[in-house]
**Q** 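Pasting in a structure now, in C-alpha cells, and then I'll have a few things to ask.
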Amino acid sequence: MVRSRITAAIALGANVGVPERTFKRALSLLERDGDIQILRRSRWHGTGAVGGPAEQPDYTNGAVLVETTIATAALLERLHGIEAHLGRDRAREEPRGPRVLDLDLLYALDEEGAAITEGGPELRLPHPRMEERPFVLGPLKEIAADQRLPRSGRTVTEQLAFLEEGGGLARLDSPAEARAWCDAARAAGASIGFVPTMGALHEGHLELVRRAAMENDLACVSVFVNPLQFNDATDLEKYPRDFAGDAALLAQVGCAMVFTGSLEAFFPGELVEGELPAASHVAPGPSAAGLEGDFRPGHFDGVATIVDRLFDVVEPNRAYFGAKDFQQCLVVQHVAARRGGQPEIVRCPTVREAAGVAMSSRNALLDGASRSRAEVLSRALFATKAAWAAGERDAAALSRLLREGVSMPGIEVEYAEVRDPEVWTANAPEGVMERAVGLVAVNVGGVRLIDNMEFDEGTR
Ligand code: PAF
C-alpha cells in the first residue's frame, strides 16, 4: 500500500537540564526508525516561562518541520514516547511547571498542503493554542514563515507581528470609553461576547474569552475588583491585582477590548460619602439565599449590582461565566431575566488543574501545603459523584459524604451540601433527589475556596 506523506510542524520546549542536548537527542530519536525525516529546524530560542509556579527557569523553545508517512495519531504517540524516554513523567508534573521536554504537534498538512484537522480528546489539530503563543510562533517563523494559520487567517509572520503589537487589543480605563467603543462596534453590526472578571486572570478566564471570541464577532472583558461584593475588608485588600499582566494575556486569546474603572466611574454621581446608596443596588433574586448568601452576607447584592451596570455599559449579546461560581450563575441569570432576557448567559465548565483543583484567582494566594490540601475539595466532589453514580439518591447521605470528604486537618469547612441544580432552595433538600449538585466552601491557609460539581454532568 502506498501511504500518503504528510508534513507536520512540531514545537519543542524545555527548562530542566540542558535543553539543547535534550532537543538534539529528541530529534535523533525522531528520525531513528527512518519513517520521519526532518526537513527544517529553527534555532533554539530562550524565553521566559509563561504562567505556572513562580521562579521556574526560563525556557528554551524551537520548532521543526518533518515529513512522514505515519498518521498524525501515531506521530503524537511517537512524540510522547520520546518525552517519556528522555525523562518526562506527565502523570506527576505540575501544570505549566518545569519540563524536561515538551513536544507539541502544531499542525499537519496533507500532500496537497491542506491542513489536517483532528478533534479528539487526545489530539487536536491544528493545535488550538498555537496562534496565541509568541514563543511557538517565533521559532515557527524561521521554518514556515508564510504558513497560513487557521483561526486568524494570518501567516505565521503576520500573527507574530500582530501579537507583538498588542494583539489588536483596545485597553480602556473607564466605563464611559468602553460604552462608546461597544456602541460603535454594535453600530458596525458586530455581536459582542462579554466576560466580566475581577482580574488576576487564569486559564479558566481565558477559556471563557476564547469561547466568547469564537461565538461572537468581538470578545470584550472587564477587569474590576468590585468592592460592593466583598464583605471582608482584608479579603478585598488581599485580592490579587495585575491589570498589565491580564491585558498581556488577553491580547493572546482573541480579546478585542478590555476595560477597567473605579466605583465612582461605574456609578457617576451616585455615591454618598463613598458608598452606593440602597436605591442604586440591584436585588440578586431568590437564588442568593443559602450557602454563599449565608456565609457572605451582601455578596450577591454586590455582584448583581455591578453585573447589571456592566451589562448597561457593554450591552453584550452573550455573557460568559464560569460554573465554578454555581450560585453566582443563577444570580446573573436572574439579573439578565429582569433585563428582558438580555444578554444570554452562557455557563461554561470549570477548568481544573491536573490535581483536580478548580482554577481560581485565589489559588495564587495558597502556599505549598495549602495548595495540596486544596485538592480535597474536588476529591470529595468526585467521591460523592461516584456514590451518586452507584445509586445513592438520599440528600442527607450525599451531603454527609461530601462533608466527610472535605473534613481534614487544616481545612475549615463553611459548607458542604447538595442542592437540586434546577430548583434552588436556601436549605438542603430532604429525601430522594432527582438531580444534584454538590457545593463546598472552605478556608485553607487563610484563603477561601469554593467548588461544585453536577453529579449527572457527563452522564446525560
Ligand atoms: O466572578 C467574578 O469574578 C465576579 O463576581 C464578577 C462576575 C466579575 C462581578 O464582579
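Everything quoted here is computed from the prediction, not taken from an experiment. Both ligands and their constituent atoms are indexed starting at 1 by order of listing.
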**Q** Looking at Arg179 and Glu315, is any side-chain nitrogen of the basic one under 4.0 Å from a carboxylate oxygen of the acidic one?
**A**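 The answer is no: the pair does not qualify as a salt bridge.
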**Q** I need the atoms of ligand 1 closer than 4.0 Å to a non-hydrogen atom of Thr197, numbered in the order shown.
**A**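 Selected atoms, number and element: 8 (C).
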**Q** Using a 4.0 Å heavy-atom cut-off, say whether Val332 meets ligand 1 through its side chain, its backbone, both or neither.
**A**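 No part of Val332 comes within reach of ligand 1.
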**Q** So which heavy atom in the protein is nearest atom 9 (C) of ligand 1, and how far is it from that ligand atom?
**A**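 The closest one turns out to be Gln229 OE1, 3.3 Å.
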**Q** Between the side chains of Arg129 and Glu207, is the shortest nitrogen-to-carboxylate-oxygen separation below 4.0 Å, so that they form an ion pair?
**A**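 Answer for the salt bridge query: yes.
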**Q** Considering only heavy atoms of Ile306, which atoms of ligand 1 have at least one such atom less than 4.0 Å away?
**A**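 Once the distances to Ile306 are compared, the set is 9 (C), 10 (O).
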**Q** Could you tell me if Arg339 sits above the aromatic ring of Phe311, with its cationic atom closer than 6.0 Å to the ring centre and no more than 45 degrees from the axis?
**A**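 No, Arg339 does not lie over the aromatic ring of Phe311.
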**Q** Show the atom names and distances, to 0.1 Å, of all donor-acceptor pairs under 3.5 Å that link a side chain in residues 400-410 to residues at least two apart or in another chain.
**A**
{"from": "Ser407", "atom 1": "OG", "to": "Arg403", "atom 2": "O", "distance (Å)": "2.6"}

**Q** Which residue holds the protein heavy atom closest to atom 2 (C) of ligand 1, what is that atom called, and what is the gap in Å?
**A**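 The protein heavy atom lying closest is Gln328 NE2, 3.8 Å.
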**Q** May I ask you to list the atoms of ligand 1 that are less than 4.0 angstrom from any heavy atom of Pro196?
**A**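 It comes down to these atoms of ligand 1: 8 (C).
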**Q** Would you please name every residue forming a salt bridge (Lys or Arg N to Asp or Glu O under 4.0 Å) with Arg362, sequence neighbours left out?
**A**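 By the salt bridge (Lys or Arg N to Asp or Glu O under 4.0 Å) rule, Arg362 matches Asp235.
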